Amino acid sequence: MSTATPRYRFAPSPTGYFHVGGARTALYNWLLALKNNGTFVLRIEDTDESRNQPQWTQGIIDALAWIGIDSNDPHFEGPYFQSTNAEAHVAAAHKLFAAGHAYYCDLTTEQIQERAKAAGLNGYDGYSRDRGLAAGPGHVLRFKVPAGKTIVHDTVRGEVEFDNSTIEDFVLLRGNGTPVFLIANVVDDMTMNITHVVRAEEHLPNTPKQQMLWDALGVTPPVWAHVPVLVNEQRKKLSKRRDKVAVEQYREEGILPEAMVNYLMTLGWAPIGDTEIVPWEQIVQEFSLESVNHSPAFFDIKKLQAFNGEYIRKMPLADFVVAANNILTSAAATWPAERYKPEVFAAMAPLVQTRVAVMAEVVDMVDFLFMAEPPIDDAAFTKAFSADFAIPTLTQIATAFETIEWNAESIKQAVEAVGTEHEVKLGKLQGPLRIAITGRSVGPPLFEPIELLGRDESLRRIRAALSRK
RNA sequence: GCCCCCAUCGUCUAGUGGCCUAGGACACCACCCUUUCAAGGUGGCGGCACGGGUUCGAAUCCCGUUGGGGGUGCCA
């Protein structure tokens, strides 16, 4: 509740690739820091014995940078590592013990369960509260939850009341003396002078416990805010196991960071007016925690892609060409690298830009220009060549192609002339031609790429298709 | 089981007691445009979970029901 510079924090654990839900939480904290001229503190919560991998930390920093959270920005502070502060966590726990707010217990998990079962209760019953145990191997330190109620003031949800009798005496220090998340998290927030804790709703049940810790340690708790979780189509919290949640994966597919950020911000919140596609600056200006929804939001990949398509179309052509070149020269390319011709793609780019929702799609859109033998879709081939006009018109088109001036306009005219003669509309007529040239039944407009491909290669492909039958 | 949160078109949302005959976006459908496919344009389909209150008046306030979700670790 400090009146000084607000300090927000994002505290992920480095247990894998970066989760879109984490991205959203980070974004909230970041934009609040920007909006209120505060600080965004990155703290890596790496105290899990087994699941941490150092390389994930860099992954987090890279992913944050990708969505615009720049570690060089003056609003950014960190990263800090929770494991570094283990001594402070233990010290705080000892302080709690010394002050009578905590006690040691030697019961094993199995014994606790047995007792609970016998008593018809659930969870730990406070058995060791008054046994006066000292620290020792296998003794956990538990917090002595006081009687009464704990009221959490949550910026997004209002007041949430918990009856302390429903909260068991939770563990602060493990049997081996190491601190547990609840205390580590609180002590770190304290030492880092965090004023606002903005995190996902799954932490709401932890909050009364943490608030009791702040109180017992004699420090005013921060402002709490719990934003709703992101869910999948089954309305379950997004999970690494069954859902596509890796930010890195979306990046690789060619989701633009601006689109990802904009989309994420429309989950649980909406900018003023009838437009959802808005610049980040506007979001920073209009956003408030008080206005975020209270219910979980479905992370809809289709809509993300629609946003992305719109962002792609809004890009200046030159930027689009650069972005596409990155994909086209990456491992995603389906042709030998030396066959790629940037100038050929550049000529095609305007025709491609309105036709892709994610950048990865440009590969299939132009592959026939760079592959020596683009594979032919058999079903599409059979269908296109089953028309009785197919062979005669295509044959005639080939003949015309031998002598016409070689540019898109006259190529189009030549094809149209054949269509007029056979009374076949251009839409139908181009079917066999398209298959012959591209191997597919759909794609970008045909005549420009035919020009780009060149007379000889175009004729070769048409004749190959003709003799395929 | 227990604790907590939540509830507007299929989905994301606008809406903070009269401006609501409930607005927009994605998806879907139709038409226009058109060189296939897109893009663009126009139009359409479709919603306040239910039941009680409060009020002159309720999507908006209260209670209950139902339905969802989260948590319930010596994980974070």
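Remember, it's a predicted structure, so these values are computed and weren't measured experimentally. The chains referred to below are lettered A, B, ... by the order of the sequence lines, with proteins before strands, and numbering in each begins at 1. Only this structure's heavy atoms are used, side chains among them; waters, hydrogens and symmetry mates stay out.
- Phosphate proximity of B/rU35 to A/K425: absent, as no side-chain N or O sits under 4.0 Å from OP1 or OP2.
- When the P atom is used for both B/rG47 and B/rC9, the distance is 9 Å, rounded to whole Å.
- On the P atoms, B/rU66 is 16 Å away from B/rC50, given to the nearest whole Å.
- Distance noted for atom P between B/rG64 and B/rC5: 12 Å (whole Å).
- Going from the C1' atom of B/rG44 to that of B/rA49 covers 26 Å, rounded to whole Å.
- Taking the C1' atom of each, B/rG15 and B/rG73 are spaced 42 Å apart, rounded to whole Å.
- Within the 3.5 Å criterion, the main-chain N or O of A/R241 finds a donor-acceptor partner in the side chain of A/S239.
- Taking side-chain N and O atoms only, A/N293 has a distance below 4.0 Å to OP1 or OP2 of B/rA14.
- Dashed line: the shortest gap from a side-chain N or O of A/R235 to OP1 or OP2 of B/rA7 is not under 4.0 Å.
- Atom name P, nucleotides B/rC2 and B/rC12: the rounded distance is 29 Å, in whole Å.
- Using a 4.0 Å heavy-atom distance criterion, A/K236 is classed as a sugar-phosphate-only contact.
- Taking only side-chain nitrogens and oxygens, A/T47 comes nearer than 4.0 Å to OP1 or OP2 of B/rA76.
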